[in-house]
Peer 1: 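Just passing along the structure, written as structure tokens.
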Amino acid sequence: MYSKILILNFPAEITQKALVCQLTKKFDLLFNILRANISNKKEGYMVIEISSASKAAFNKGVTFLKDQGVTVSSPEHQIFKNEEICTHCGACTAICPTEALYIKRPEMEVIFDKDKCTVCELCIVTCPTRAMGLFTSDSQKVI
Ligand code: SF4
Ligand code: SF4
């Protein structure tokens, strides 16, 4: 049995489509939704474990999702926050779609909750001090 945990990001246009169910119908894959959320902008986020009898079938299912417009990444893609250079200006909290970056009050500290991060990378381009970055590894490829 081949099994892998993936992060799926759904653009607002396809959030309502039952694409994940198609994995079972079309490719005989099993899935277990570990976490799911829809943002205020109707964008979907899902952490899912997909299991398959073969890697080939798994790859077909992932390719199907990508073809439908779903962004597929693996948890090995990780965003990090460099506390040494973060000035707690709050700019990243305004653009973070999942509230993974938020202001802790009354301390007014900007906190990064890695578990909520969908690795959209918006904070990386927004941060004026480049405190936010992408940590990658060789195992990051989904297929
Ligand atoms: S934008 Fe950068 S410097 Fe400002 S709070 Fe976020 S991580 Fe810190
Ligand atoms: S990459 Fe940055 S902006 Fe995107 S969800 Fe993660 S913390 Fe928020």
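Every number for a ligand or one of its atoms is a count from 1 in the order of the listing.
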Peer 1: Mind listing the protein N/O/S atoms less than 2.8 Å away from atom 8 (Fe) of ligand 1? Waters don't count.
Peer 2: C86 SG
Peer 1: For L101 and K81, work out which heavy atoms get closest and say how close.
Peer 2: CD2-CD, 4.1 Å
Peer 1: How about N40: does its CG atom have over 12 heavy atoms from other parts shown lying under 6.0 Å from it?
Peer 2: no
Peer 1: Looking at F58, is its backbone amide N or carbonyl O close enough to the side chain of K4 to form a donor-acceptor pair, meaning the two atoms are under 3.5 Å apart?
Peer 2: no
Peer 1: Between M108 and I103, is there a side-chain heavy-atom distance shorter than 4.5 Å?
Peer 2: yes
Peer 1: Taking all non-hydrogen atoms of both residues into account, name the closest pair between E43 and P97 and its distance.
Peer 2: OE1-CB, 4.4 Å
Peer 1: For atom 6 (Fe) of ligand 2, which protein N/O/S atoms fall under 2.8 Å? Skip waters.
Peer 2: C117 SG
Peer 1: Using a 3.5 Å distance criterion without hydrogens, assess whether the side chain of T24 forms a donor-acceptor pair with backbone atoms of L29.
Peer 2: yes
Peer 1: Under 6.0 Å from the CD atom of E109, do we count more than 12 heavy atoms belonging to anything else shown?
Peer 2: yes
Peer 1: Is the closest side-chain heavy-atom distance between L65 and L23 below 4.5 Å?
Peer 2: yes
Peer 1: Can you name the atoms of ligand 1, numbered from 1 with element, that are less than 4.0 Å from a heavy atom of P128?
Peer 2: 1 (S)
Peer 1: How about CD on Q16, more than 12 heavy atoms from neighbouring residues, nucleotides or ligands closer than 6.0 Å, or not?
Peer 2: no
